[in-house]
Amino acid sequence: MNDGWTHHGKVRARESEAGLEVVVDGLTTQAKYYKPLIYEFFRKAWRGSRPAWGEYAVEIGMEYLGDPPWLDLDNLAKAILDAIKGYVFHDDAQVARLLVERRAGERERIVILIRKMSEAGFDAASAGASSRLRRPLQT
């Protein structure tokens, strides 16, 4: 059964009309752990779209159980943007909108949604400050 997800280790991703969705199962307090993990996924397993020019919106949600882990969200964002650079966009300077949040969830994971801002139906004004990541479908 093809559920649309490409899997490699703890990372899975899929493309949809909403953009590219990447999920990393599990959490650690070390942001530097995510860069090689996501980078290896794109290098070894990803066969979807290639990097493009233009402006992007990136939403990163850290979902946790129990007490929130001590993890600087700015370090998490930097590690993730460095990992996807060259696979989703050419340079992280193309990110025009960045939302990073920590929230209680059903399981521990990082959920990343990357959308090209010029696509129909999405622009910075329509995104609004109350935008929330959509939860990935259960797999």
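Computed from heavy atoms alone, side chains included, the values below leave out hydrogens, waters and symmetry copies.
- How far CD1 of Ile38 is from OH of Tyr33: 9.5 Å, rounded to the nearest 0.5 Å.
- In the displayed structure, Lys85 atom NZ is contacted under 6.0 Å by more than 12 heavy atoms of other residues, nucleotides or ligands.
- Note: Ile80 CD1 to Met62 CE = 10.0 Å, rounded to the nearest 0.5 Å.
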* side chain to side chain contact (heavy atoms under 4.5 Å, CB included) between Leu81 and Phe89: does it pass, once the steps are laid out? -> CA-CA 9 Å; Leu81 292 176; Phe89 40 74; 4.0 Å; yes
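- Tyr34 has its side chain out of reach of Ile112: every pair of non-hydrogen atoms, C-beta onward, lies at least 4.5 Å apart.
- Looking at Arg47 and Thr6, their side chains never come closer than 4.5 Å, going by heavy atoms from C-beta outward.
- Here the CZ atom belonging to Arg12 is positioned 6.5 Å from the CZ atom belonging to Arg109, to the nearest 0.5 angstrom.
- Ion pairing between Lys78 and Asp74 fails under the 4.0 Å rule for side-chain N and carboxylate O.
- Atoms CZ and NE2, from Arg14 and His7 in turn, are 9.5 Å apart once rounded to the nearest 0.5 Å.
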* To do: Determine, stepwise, if the pair Arg97 / Glu55 fulfils salt bridge (charged side-chain N to carboxylate O under 4.0 Å, His left out).
  => CA-CA 8 Å; Arg97 180 175 181 269; Glu55 292 188 329; over 6 Å; no
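- In the hydrophobic cluster analysis, where Ile, Leu, Val, Met, Phe, Trp and Tyr join through side-chain heavy atoms closer than 4.5 angstrom, Leu71 is grouped apart from Leu65.
- Rounded to the nearest 0.5 Å, atoms CD (Glu101) and CG (Leu76) are 11.5 Å apart.
- For the atom pair Tyr56 OH and His90 NE2, the distance stands at 7.5 Å (nearest 0.5 Å).
- Residues Val24 and Phe41 form no side-chain contact, since every pair of their non-hydrogen atoms from C-beta on lies 4.5 Å or further apart.
- Contact annotation: the side chain of Leu20 approaches that of Val88 to within less than 4.5 Å [non-hydrogen atoms, C-beta and beyond].
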